[in-house]
Visitor: 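Structure incoming, see below.
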Amino acid sequence: MRVLVVEDDPELSRQLKQALTESGYAVDHAADGEEGHHLGDTEPYDAVVLDLGLPEIDGVTVLKRWRTAGKKMPVLILTARGQWGEKVAGFDAGADDYVTKPFHMEEVLARLRALIRRSGGHAAPELSCGPVVLDTNSSKVTVNGVPVKLTAQELRLLAYLMHHQGKVVSRTELTEHIYDHDFDLDSNTIEVFIGRLRKKLGVPIIHTKRGLGYQLAPPGEGDSV
Ligand code: CA
């Protein structure tokens, strides 16, 4: 899962980046509305944290432009205390949720998890595929109830597939959603990670679709190669 943070306050940006990275997301950051708009317009994000008071282009305008252009990623806006008008403008522009500054980081993380789950059509925090269960709150993975330890990237990979269960996901799509902007993209790396993930899970739920990509489905459902 890959998240964009658009925030001009350096200290707050640092805290958000750190907390999101520690929670297992690939994170990109923009410090003004122009760069933020550009990134959200050109890169595929699973969610965006958008401050409304931004230099260059304000957050409400950025959001309106994304929505006009058909961008559907969930957007959590950061609003100033007491500025109820800002919230209304944000929701009217297409925001999905908001947090008022100053906020507790845990609240931002919890709201983001919920937004990402719901955008994938899931309401419950636990996602499962056959014997594999991912708790999106704790990022813990179990197979037949036994905990499995995954690296941050393996976890991101599994989380993305879990959120898009049953769908065929291309290697390019996976690459774009598990790495941040600065990473040198190499789709062969995905194959290596998929191999490791399969080995750790030990159950055949990641099916290869030749020439297309991968599909997460319970063992026996989907054409395994
Ligand atoms: Ca600001």
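None of these values were measured; they are calculated from a predicted model. Atoms within a ligand are numbered from 1 in the order they appear, just like the ligands themselves.
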Visitor: Can you tell if the side chain of Ser119 reaches within under 4.5 Å of the side chain of Met73, non-hydrogen atoms only?
Guide: no
Visitor: Does the side chain of Glu173 pick up a donor-acceptor pair with the side chain of Tyr160 at under 3.5 Å?
Guide: yes
Visitor: Ignoring hydrogens and geometry beyond distance, is a side-chain donor-acceptor pair present between Arg113 and Ser139 at under 3.5 Å?
Guide: no
Visitor: So does Asp51 have any N/O/S atom less than 3.0 Å away from the Ca ion (ligand 1)?
Guide: yes
Visitor: Among the N, O or S atoms that Asp8 has, which is closest to the Ca ion (ligand 1)?
Guide: OD1
Visitor: Which pair of non-hydrogen atoms, one from Ala47 and one from Leu112, has the smallest distance, and what is that distance?
Guide: CB-CD2, 3.7 Å
Visitor: Got an N, O or S from Gly53 under 3.0 Å of the Ca ion (ligand 1)?
Guide: yes
